[in-house]
Amino acid sequence: GESVGLHLPTLSVQEGDNSIINCAYSNSASDYFIWYKQESGKGPQFIIDIRSNMDKRQGQRVTVLLNKTVKHLSLQIAATQPGDSAVYFCAESNLYGKLTFGQGTILTVHP
Amino acid sequence: DTEVTQTPKHLVMGMTNKKSLKCEQHMGHRAMYWYKQKAKKPPELMFVYSYEKLSINESVPSRFSPECPNSSLLNLHLHALQPEDSALYLCASSQPTGTGPFEQYFGPGTRLTVT
């Protein structure tokens with residue numbers, strides 16, 4: 001069946017470091033992936049997405065990499081800041097809007 | 001306007017009460033969603049509406065009753081809930097489903113406690 005999961009449940013970094021959050025998925029037919037950030041007491045906030053016909057996409061300070069061969073997704077955050085501290089979820093969406101979330105990684109950024 | 005609003009922010013209800021959660025968006029999105037999120041867990045899809053019609057029900061108990069009165073509003077009617085239904089209920093919206101996957105915009109959620 002479908003599953004989207006994360007290798008590491010927590011990640012602690014120093015301010016200014018680069019952060020890498022990983023995600024594995026099992027549905028090889030998936031064609032759309034999204035990273036969300038969720039701060040305490042708030043709803044998930046869209047960060048960046050990528051479609052299966054791409055292997056890399058860049059945003060402001062964030063890069064998503066997709067390796068379809070090994071069914072692996074990663075989110076890279078450059079120059080991590082304390083405001084980046086949150087839970088990060090990868091998610092897979094099908095054509096009909098069904099979003100399946102991974103388990104989440106807690107990112108803690110120390111000043 | 002890229003905001004999804006939800007009311008109330010917090011709700012405490014007894015197991016015999018009837019209450020409703022409300023969600024509103026003005027982005028012109030024609031797909032709207034309800035998710036349930038337990039503490040330290042990812043959101044889980046409950047319902048999807050596309051063009052005001054229910055398109056996905058993830059086998060949700062009938063004590064949860066969704067309603068989409070128009071393209072901007074989504075309600076979740078609650079009746080005879082159980083304490084294990086206590087959770088954060090999230091609403092989201094997106095471009096229409098069936099024409100391609102699109103990013104979903106989430107509201108801040110309603111924190112529900114069932115006593």
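Chain A is the first sequence line, chain B the second, and so forth, proteins listed ahead of strands; every chain is numbered from 1. Fair warning: this is a prediction, and the values are worked out from it, not measured in the lab.
- With 3.5 Å as the limit, one finds a donor-acceptor pair spanning the side chains of B:Ser20 and B:His77.
- When heavy atoms are compared at a cutoff of 4.5 Å, A:Gln38 approaches chain B solely by way of its side chain, counted from C-beta outward.
- Although no hydrogens or angles enter the test, the distance criterion places no donor-acceptor pair under 3.5 Å between the side chain of B:Ser93 and the main chain of B:Gln25.
- The candidate from A:Ser93, A:Gly41, A:Gly43 with the greatest count of non-hydrogen atom pairs under 4.5 Å with chain B is A:Gly43.
- In this structure, no portion of B:Gln6 lies under 4.5 Å from any heavy atom of chain A.
- Heavy atoms of B:Glu44 lying under 4.5 Å from chain A are absent altogether.
- Here A:Glu15 pairs with nothing under the salt bridge (Lys or Arg N to Asp or Glu O under 4.0 Å) rule; sequence neighbours left out.
- When ring centroids are compared, B:Phe106 and A:Tyr36 come within the 6.0 Å threshold.
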